[in-house]
Amino acid sequence: ESLSHAAIYEASPDTNVVVHIHSKYLWDKYLNEMPTTDLVPYGTPAMAKELIRLVKDNPDSPKIIIMAGHEEGVIVYGKTLKEACLTIMTL
């Protein structure tokens, strides 16, 4: 969904890759443990605002966001595809 991806690129200018996955396991395990959006619907301007807020408020955290309003929705981001994928694999 382009709005959510664009929000992360806007909030993190050094980001070149945004990966959106669906993982019930990671979503359940890290909901409210990693940066997690408020309960807003996916694909909405409200979700985009949440993603921008979390990226800006958590510059030193692993580049992962759990989308509370999008069950199983997990976003990782980074400078390279390898960096983003390693974030997922490390978890």
Side-chain angles (χ1 to χ4, degrees):
E1 186 272 302
S2 60
L3 185 60
S4 294
H5 289 236
I8 293 173
Y9 290 124
E10 178 183 323
S12 177
D14 64 335
T15 293
N16 296 312
V17 175
V18 176
V19 179
H20 173 179
I21 66 167
H22 291 248
S23 170
K24 180 93 170 110
Y25 172 78
L26 292 177
W27 194 83
D28 285 342
K29 183 172 182 176
Y30 292 111
L31 186 69
N32 297 313
E33 297 297 320
M34 293 280 189
T36 302
T37 66
D38 287 340
L39 193 57
V40 296
Y42 181 67
T44 64
M47 178 61 80
K49 288 178 185 175
E50 276 296 288
L51 294 169
I52 290 169
R53 178 184 67 80
L54 289 170
V55 169
K56 289 184 174 184
D57 287 355
N58 297 283
D60 298 323
S61 73
K63 295 180 178 187
I64 182 169
I65 297 173
I66 308 300
M67 294 181 283
H70 180 42
E71 188 171 354
E72 298 184 14
V74 177
I75 288 183
V76 295
Y77 56 100
K79 291 181 181 178
T80 67
L81 182 59
K82 181 178 180 179
E83 178 184 323
C85 290
L86 283 174
T87 299
I88 296 168
M89 300 308 289
T90 301
L91 295 176

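Note that these values count all heavy atoms, side chains included, but never hydrogens, waters or copies made by symmetry. Values in this document were obtained by computation on a predicted structure and should not be read as measured data.
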**Request:** Verify the neighbour count for atom NZ of Lys24: are there more than 12 heavy atoms of other residues, nucleotides or ligands below 6.0 Å?
**Result:** yes

Would you say [X] and [Y] are hydrophobically clustered, going by side-chain heavy atoms of ILVMFWY under 4.5 Å?
| X | Y | answer |
| --- | --- | --- |
| Val55 | Val18 | yes |
| Ile65 | Val76 | no |
| Leu91 | Tyr25 | yes |

**Item:** Pair Tyr42 and His20, ring centroids less than 6.0 Å apart
**Value:** yes

Please report the closest heavy-atom contact between [X] and [Y], naming both atoms and the distance.
| X | Y | value |
| --- | --- | --- |
| Gly78 | Ala84 | N-CB, 4.4 Å |
| Leu54 | Thr36 | CD1-C, 3.5 Å |
| Pro41 | Met47 | O-CB, 3.4 Å |
| Ala7 | Ala48 | CB-O, 3.5 Å |
| Gly69 | Thr37 | N-OG1, 4.0 Å |
| Tyr77 | Thr15 | CD1-OG1, 3.5 Å |

With a 4.5 Å cut-off on side-chain heavy atoms, are [Y] and [X] touching?
| X | Y | value |
| --- | --- | --- |
| Glu72 | Met67 | no |
| Lys63 | Glu83 | yes |
| Met34 | Val74 | no |
| Val19 | Val17 | yes |
| Pro45 | Leu3 | yes |

From [X] atom [atom1] to [Y] atom [atom2], the distance as rounded to the nearest 0.5 Å:
| X | Y | atom1 | atom2 | result |
| --- | --- | --- | --- | --- |
| Asp14 | Lys79 | CG | NZ | 5.0 Å |
| Ile75 | Ile21 | CD1 | CD1 | 10.0 Å |
| Ser4 | Tyr9 | OG | OH | 12.0 Å |
| Ser12 | Leu51 | OG | CG | 12.0 Å |
| Lys56 | Glu10 | NZ | CD | 6.5 Å |

**Item:** His22/Glu71 under side-chain contact (heavy atoms from CB on, under 4.5 Å): CA gap, chis, key distance, verdict
**Value:** CA-CA 8 Å; His22 291 248; Glu71 188 171 354; over 6 Å; no

